[in-house]
Amino acid sequence: MDITEYIQLVFTDYTLRTITLGTAILGAVTGMLGSFAVLRKQSLLGDAISHAALPGIAIAFLITGAKNSNVLLLGALISGLVGTFWIRGIIKRTHLKSDTALGLILSLFFGFGMLLLTFIQKQPNANQAGLDKYLFGQAATLVESDVWLMVIVTGACLIVLLLFWKEFKILLFDADYTKTLGFNTKFIDILITTFIVLAIVLGLQTVGVVLMSAMLLAPAAAARQWTNSLGIMVFLAAIFGAFSGVFGTAISASQNNLSTGPVIVIIAGVFVLISFIFSPSRGLLFKQIRFIKNRRDLQLHKTLAFMYHIAETHDDISHPHTIKILNNFQGFTKGTLQKLVDKHYVTLHGSDWSLTKEGFKTASNLYNQQSENNE
Amino acid sequence: MSSAQIEIQLIASLVAIACAIPGTFLVLRKMAMISDAISHSILPGIVIGFFITQDLNSPLLILLAALTGIITVILVEYIQKTGLVKEDTAIGLVFPILFSIGVILIAKNANDIHLDVDAVLLGELAFAPFDRLLIAGVDVGPKSLWIIGSILLITIGLLLAFFKEVKVSTFDAGLAASLGFSPAVIHYGLMTVSSVTTVGAFDAVGAILVVALMIAPAATAYLLTTNLKRMLVYAICFGVFSAISGYWLAHFLDASIAGSITTMLGVIFLMVYLFAPSKGVIAVLYRERQQRTEVSLLTFLLHLRNHNEEEERHVNHLNEHINWQKVRSKTVLELALKNNMILIDNNIVSLTKKGKDFTSQAIDYIITNEDSKIEHMKDDFFLFRG
Amino acid sequence: MKNNIAVKVDDLTVAYNYKPVLWDIDLEIPEGVLMAIVGPNGAGKSTLIKSILGILKPIAGSVSIYGKSYEKQRALVAYVPQKGSVDWDFPTTALDVVMMGTYGSLGWIKRPGQKEKKMALEALEKVGMLSFKNRQISQLSGGQQQRIFLARALVQDASIYFMDEPFQGVDATTEIAIINILKELRKANKTVIVVHHDLQTVPEYFDWVTFLNVKKIATGPVKDIFNDDNLTKTYGINYKVSIQE
């Protein structure tokens with residue numbers, strides 16, 4: 001199947017269209033909210049929340065007996081919020097650190113959820129099938145009403161973001177200062193947290209408990225590398241998230257035996273990898289290039305400074321000296337000498353070198369700068 | 001009790017002990033989430049190891065998978081070092097991606113590999129007794145028992161051999177380095193033990209329960225003691241107790257053993273979290289209330305000492321000026337009166353000699369913050385107790 | 001004579017986790033002074049500022065700003081937090097951070113417009129950072145970051161400025177720039193309260209000083225009370241002002 005065929009299929013095939021739309025919207029909303037989680041240093045909270053949501057799903061099922069995904073999601077939302085606030089309680093009330101609190105709630109809630117799920121599975125109730133899709137997610141089970149729910153939540157999230165943009169930004173950057181300006185920081189905080197939990201819960205059906213945290217973090221981490229503006233970062237994260245959803249769905253649909261969740265996560269991971277390496281301002285590649293260039297410049301400057309000290313002892317700065325003197329100097333190579341010649345700092349006459357006027361001036365400038373920096 | 005039941009409980013208990021030991025150090029070193037990351041990211045290691053060995057219980061597979069665990073740690077640390085993202089983001093990025101790779105590897109080779117992702121994540125302890133280890137045709141017990149038993153022996157051996165080093169480096173990395181214990185060696189040693197334990201335990205109890213068994217007993221123990229040896233013992237006890245009681249809970253409910261053990265861990269944690277004598281939530285709340293009154297009393301006494309003006313020492317001044325509610329002012333006044341620290345004369349409060357002495361001593365303590373100064377005060381006064 | 005009291009603190013007691021850090025502080029800060037709060041580490045200097053600003057909740061006592069409660073007088077107060085208290089890798093520009101100073105007067109939801117931008121640019125110019133306005137904040141030096149924080153407070157156009165260690169880890173240029181702005185503020189009859197570490201510069205930079213170590217040791221004009229006696233009382237050891245240089 002080639003690409004054009006696939007695109008046609010996306011528009012004509014109901015299931016594929018639903019899944020593509022669903023994963024794209026989900027990627028966008030988790031990417032947006034993930035930016036806030038990342039900047040608040042609450043990256044792992046997403047992982048904890050998604051695991052903590054599991055018992056809520058099971059309990060909602062036990063109470064209602066219905067497979068209606070909205071009811072189950074409500075259960076997940078409540079239990080996710082309980083988990084979140086319990087984590088905060090542990091950090092605040094005891095001397096256990098945040099990582100311990102996260103790991104505790106994550107594993108304990110998940111284990112309890114598993115107990116309930118296996119308990120449900122043994123019940124003589126034909127309805128129970130399909131609960132374990134929340135473990136790894138099954139995008140294939142998305143139906144139109146699920147997509148609508150995502151659209152509504154994303155829309156609400158966008159409105160809140162636009163309305164409280166200024167408040168979110170300042171709280172993320174400097175919470176204490178925000179308080180002194182008279183803003184109710186608790187309200188803003190609860191607003192952000194609730195939306196993060198909501199987005200996670202929405203994603204459970206599609207990518208599952210285990211991989212949810214990557215959906216939250218990866219687009220945001222990738223987006224951060226390309227921009228220094230919060231607005232653009234949130235926007236880019238939404239785009240990266242949406243594309244991860246679309247590409248992930250396409251790849252898993254065109255292959256056998258590939259569930260959508262892991263593929264989406266890997267695509268998101270590829271975005272991160274590319275961003276880490278190739279981002280112009282922060283990327284590792286350009287950092288390395290800059291590092292090498294700086295080191296070369298430094299070597300060149302060192303050699304020039306050394307020559308300057310030799311030339312300084314003579315009245316005539318262009319007095320020729322033998323190249324051999326330089327051989328004892330660390331960092332000197334034929335290459336550096338040639339570069340100095342190319343820059344017209346030095347002229348060569350056979351086995352002798354001499355500084356040009358320009359070279360002398362540059363070197364003395366360098367020397368002065370250095371002594372200034374030392375002060 | 002059938003022999004299979006005994007074997008399951010034995011395996012679960014050994015896993016609990018094997019997890020509690022590295023878990024205690026992970027919790028103390030604030031690296032609990034690393035165990036979560038390792039438990040997920042060993043999946044591709046297991047799959048690749050399985051391609052090579054074709055045997056889920058092969059020691060080579062365990063080593064290969066443990067290596068993936070170490071690679072995860074190194075990768076996380078490398079990403080942290082680049083400064084491109086914050087520390088916890090690095091953890092949150094690496095493990096889902098490695099886990100996804102594992103899931104996809106399994107899915108693409110579904111025909112060749114009899115690995116079930118559900119089983120990796122959740123384990124199936126109930127089946128553990130059926131996979132027997134045969135040596136020269138003699139049945140010597142379930143394979144998992146031998147695997148986890150060997151890992152536990154190695155862990156205990158390492159713990160006994162390097163207890164001092166690990167202890168020092170956990171509480172004071174700088175001191176450890178100056179004593180010549182390389183913090184890096186201990187760090188990666190601990191990571192290796194955690195990885196090997198996770199891999200060894202996963203097919204019995206699943207990845208998530210491994211995390212629970214590592215973190216929950218240690219965290220629970222940490223609420224009860226700060227003594228390392230005691231913490232280890234408590235953690236092991238909690239682990240084993242949950243393992244056995246969890247098994248019976250699962251038996252009774254006919255549900256997942258791993259889930260039941262975790263639930264028991266959760267129940268124990270909740271109990272300790274609420275009722276621990278000095279660090280439990282109820283004790284903390286009670287103490288906070290006590291301290292609130294005590295601090296209020298001291299504030300009040302100090303205020304009396306600082307001010308000679310009558311208006312500042314008038315009873316009504318308490319709620320007007322110090323900004324206290326009526327009830328609180330009354331409690332504080334009564335408390336001070338009861339302890340003979342103040343005299344009230346015509347609604348003007350003044351300090352007695354006892355009150356003056358007490359205040360000076362308290363101030364001394366507060367400023368120098370030396371616990372020695374407070375020792376004898378604890379006997380003299382009801383304050384500062386607890 | 002300075003008669004107006006800008007900040008009045010009454011019997012303030014603050015505790016972290018019910019471990020007391022400030023005891024029964026009474027303080028009157030006259031309008032128009034440049035005041036340093038000095039004291040050893042852990043003396044509660046930052047805590048004092050934070051509880052005056054309502055960031056921390058005291059367990060006893062009250063604070064008034066020009067005779068009214070802080071909540072009512074918020075608009076009169078600006079705050080410069082410690083530079084280390086925020087994440088400087090946050091994706092935003094210098095101008096954006098300075099604009100945050102206008103958020104308080106804007107209130108909920110309303111966005112900053114041209115007027116706010118103009119104010120922010122003026123503040124940036126005052127601290128000599130105008131040419132860095134579009135710089136990402138992590139690419140600024142420590143001193144420049146501190147000046148951005150100062151500019152953010154200047155935008156608030158307050159009457160009283162609280163600054164938490166503004167000279168901590170800054171270069172000489174910044175130190176001079178900051179002190180010039182402080183003096184300008186004083187000239188405009190603003191009150192400036194600074195948590196300060198460097199005792200040697202106190203007489204040069206400030207005209208008012210408060211010695212603090214869990215309780216208030218002394219407060220008053222620098223020329224009257226900045227002496228060995230008070231320093232010793234505050235820092236515990238025999239302290240001599242004259243040891244400088």
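Atoms considered below: every heavy atom in the structure, side chains included; atoms not considered: hydrogens, waters and symmetry mates. All chains are named by letter (A, B, ...) in the order of the sequence lines, taking the proteins before the strands, and each is independently numbered beginning at 1.
Taking every heavy atom of both residues into account, A:Arg93 and B:Val284 meet most closely at O-CG2, 4.0 Å. Summarising the geometry of B:Thr89 relative to A:Ser43, their closest heavy-atom pair is OG1-OG, 2.6 Å, with the distance given to 0.1 Å. For B:Ala32 against A:Asp99, the heavy-atom pair with the smallest separation is N-OD2, 2.6 Å.
The contact between B:Tyr222 and chain A is made by backbone and side chain atoms together, counting heavy-atom distances below 4.5 Å. Residue contact with chain B, scored on non-hydrogen atoms closer than 4.5 Å, involves the backbone and the side chain of A:Val265 alike. For A:Ser259, the part sitting under 4.5 Å from any heavy atom of chain B is the side chain, from C-beta outward, and nothing else. Looking at A:Phe119, the atoms closer than 4.5 Å to chain B (heavy atoms on both sides) sit in the backbone and in the side chain alike. The contact between B:Ile104 and chain A is made by backbone and side chain atoms together, counting heavy-atom distances below 4.5 Å. Within the 4.5 angstrom heavy-atom criterion, only side-chain atoms of A:Lys97, from C-beta onward, approach chain B. Neither the backbone nor the side chain of B:Ala258 comes within less than 4.5 Å of any heavy atom in chain A. Neither the backbone nor the side chain of A:Ile105 comes within less than 4.5 Å of any heavy atom in chain B.
Ranked by heavy-atom pairs under 4.5 Å with chain A, the list B:Lys279, B:Lys30, B:Met31 is led by B:Lys30. Residue with the most contacts toward chain A among B:Leu98, B:Leu209, B:Ile101: B:Ile101 (heavy-atom pairs, distance under 4.5 Å). Between chain A and the residues B:Val267, B:Val27, B:Ile257, the most heavy-atom pairs under 4.5 angstrom are made by B:Val27. Taking chain A as the reference chain and counting heavy-atom pairs below 4.5 Å, the highest number among B:Leu26, B:Leu84, B:Thr263 is found for B:Leu84. Of the residues considered (B:Thr262, B:Ile215, B:Asp88), B:Asp88 shows the highest number of contacts with chain A, using heavy-atom pairs under 4.5 Å.
Checked by atom type and distance alone, the side chain of B:Asp36 never pairs as donor or acceptor with a backbone atom of A:Gly103 at under 3.5 Å. With hydrogens and angles ignored, the 3.5 Å screen pairs a side-chain donor or acceptor of A:Thr118 with a backbone N or O of B:Ser256.
With rounding to the nearest 0.5 Å, the separation of CG in A:Leu39 from NZ in B:Lys86 is 7.0 Å. Atom CD1 of residue B:Ile91 and atom CG of residue A:Asp47 lie 10.0 Å apart, to the nearest 0.5 angstrom.
Residues A:Val38 and B:Val85 form no side-chain contact, since every pair of their non-hydrogen atoms from C-beta on lies 4.5 Å or further apart.
Between B:His40 and A:His51, the ring-plane angle classifies as perpendicular under the 30° and 60° cut-offs.
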